[in-house]
J.: 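Dropping a structure here in structure tokens format, bear with me for questions.
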Amino acid sequence: GGGRRGLDRHGKGLGMNDSGTGAEFRVRSSWACLITTAVIYPVLIAAGLMWGWNGVELAVMLGVGIGIQAVVLVVVHIYLAIKMPNEPDDERDRMLLTRASSIAGYVLQSGVFVVLVMMIAMVIFRTIGSEGREGTSFEEMFPIFALLAVWIASELVRYGLTITGYKQL
């Protein structure tokens, strides 16, 4: 929506406690988060699996990925804050964000449960079939990559539901 900086969509001034960002800002912010999450972290997982990163290498590269995402999102949010009208949040905003986060939480919980079952299965099969053989890097790192993938899925669900929720308002 249009509007002048410091005024809500009805032309009223915004007070100190009415510093909402508005639906259009949140939709664009969610798109930026969705795209950066969908690009950066799957690339890191694929690279880690392809090159057999150990825990330290993965941690360093995750730090790099988080840093890249933080810089991109700060720039995008500064741009959006300058270009978008400042509108107060209303109850619909809070309900939509709560719903999206709640569903994403279920995705995360379900994924963590599945990964835990897979980890138990890996331990059982390693014990049964690998007398005297050391675990491979993939076997050792699998839980970390799997949990990271589950986290990415839950974040993508949250951002996607936020975007679709605002489209329905």
Side-chain angles (χ1 to χ4, degrees), residues 1-50 53 58-118 142-169:
R4 288 174 289 179
R5 192 109 178 100
L7 300 179
D8 68 11
R9 63 181 140 231
H10 306 293
K12 296 180 182 174
L14 297 175
M16 289 293 285
N17 294 326
D18 296 324
S19 60
T21 51
E24 192 173 346
F25 179 95
R26 287 195 194 260
V27 168
R28 291 181 186 205
S29 170
S30 293
W31 270 113
C33 292
L34 181 109
I35 291 167
T36 56
T37 300
V39 170
I40 292 170
Y41 300 105
V43 167
L44 286 175
I45 289 175
L49 290 171
M50 188 169 48
W53 291 345
L58 177 62
V60 168
M61 293 312 294
L62 281 176
V64 169
I66 290 167
I68 291 169
Q69 186 178 29
V71 169
V72 168
L73 291 179
V74 165
V75 169
V76 167
H77 284 96
I78 289 172
Y79 174 79
L80 290 175
I82 292 169
K83 293 294 184 183
M84 308 294 300
N86 190 7
E87 297 178 344
D89 294 339
D90 61 19
E91 192 58 35
R92 293 177 304 171
D93 292 313
R94 286 183 271 290
M95 281 186 356
L96 190 141
L97 295 173
T98 299
R99 179 177 172 270
S101 293
S102 175
I103 292 171
Y106 290 126
V107 170
L108 182 61
Q109 289 171 351
S110 301
V112 168
F113 176 77
V114 168
V115 171
L116 289 173
V117 169
M118 292 168 64
F142 171 78
I144 296 170
F145 286 110
L147 289 171
L148 184 59
V150 167
W151 171 76
I152 292 166
S154 73
E155 287 297 287
L156 294 177
V157 166
R158 182 166 63 102
Y159 297 133
L161 287 173
T162 300
I163 291 165
T164 58
Y166 274 112
K167 297 253 185 232
Q168 294 173 0
L169 290 181

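The first residue of the sequence shown is numbered 1, and numbering continues consecutively from there.
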J.: Looking at Ala104 and Ser154, what are the two nearest heavy atoms and their distance?
T.: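 Nearest pair, atom of Ala104 first, then Ser154: CB-O, 3.2 Å.
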J.: Quick one: OG1 on Thr36 to CG on Leu73, what's the gap to the nearest 0.5 Å?
T.: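 Rounded to the nearest 0.5 Å, the OG1-CG separation comes out at 4.0 Å.
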J.: What closest approach, in Å, do Leu96 and Gly165 show between heavy atoms, and which atom pair accounts for it?
T.: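 Heavy atoms of Leu96 and Gly165 come nearest at CD1-C, 3.0 Å.
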J.: How long is the gap from CG on Leu161 to CG on Leu97, to the nearest 0.5 Å?
T.: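 Between Leu161 CG and Leu97 CG, I get 11.0 Å after rounding to 0.5 Å.
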J.: To the nearest 0.5 Å, what is the distance between CG (Leu80) and CZ (Arg26)?
T.: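 Going from CG on Leu80 over to CZ on Arg26, the span is 12.5 Å.
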J.: Between Ile152 and Pro42, which heavy-atom pair has the shortest distance, and what is it?
T.: CD1-N, 4.0 Å
J.: I need the minimum non-hydrogen distance between Ile103 and Val157, along with the two atoms involved.
T.: CG2-CG1, 4.0 Å
J.: Do Leu44 and Trp53 come close enough that some side-chain heavy atom pair is under 4.5 Å?
T.: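 Yes, at least one pair of side-chain atoms sits under 4.5 Å.
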J.: Of all the heavy-atom pairs spanning Ala81 and Phe25, show the shortest one and how long it is.
T.: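 What the structure gives for the nearest pair is N-CE1, 3.7 Å.
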J.: More than 12 non-hydrogen atoms from neighbouring residues, nucleotides or ligands closer than 6.0 Å to CZ on Arg94, yes or no?
T.: yes
J.: So, the side chain of Ser101 versus the backbone of Thr98: is there a donor-acceptor pair under 3.5 Å, distance only?
T.: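 Such a contact is absent between Ser101 side chain and Thr98 backbone.
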J.: Determine which pairs satisfy side chain to side chain donor-acceptor pair (under 3.5 Å) with at least one residue from residues 40-50, sequence neighbours left out, and list them in order.
T.: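 Qualifying pairs, neighbours excluded: Tyr41-Gln69.
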J.: I need the minimum non-hydrogen distance between Ala32 and Val76, along with the two atoms involved.
T.: CB-CG1, 3.7 Å
J.: Any chance you could measure Trp151, atom CH2, to Leu156, atom CG, to the nearest 0.5 Å?
T.: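 The CG atom of Leu156 is 8.5 Å from CH2 of Trp151, to the nearest 0.5 Å.
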J.: Do Met84 and Tyr79 have side-chain heavy atoms sitting under 4.5 Å apart?
T.: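 When only atoms from C-beta onward are counted, Tyr79 and Met84 do not touch, as no gap falls below 4.5 Å.
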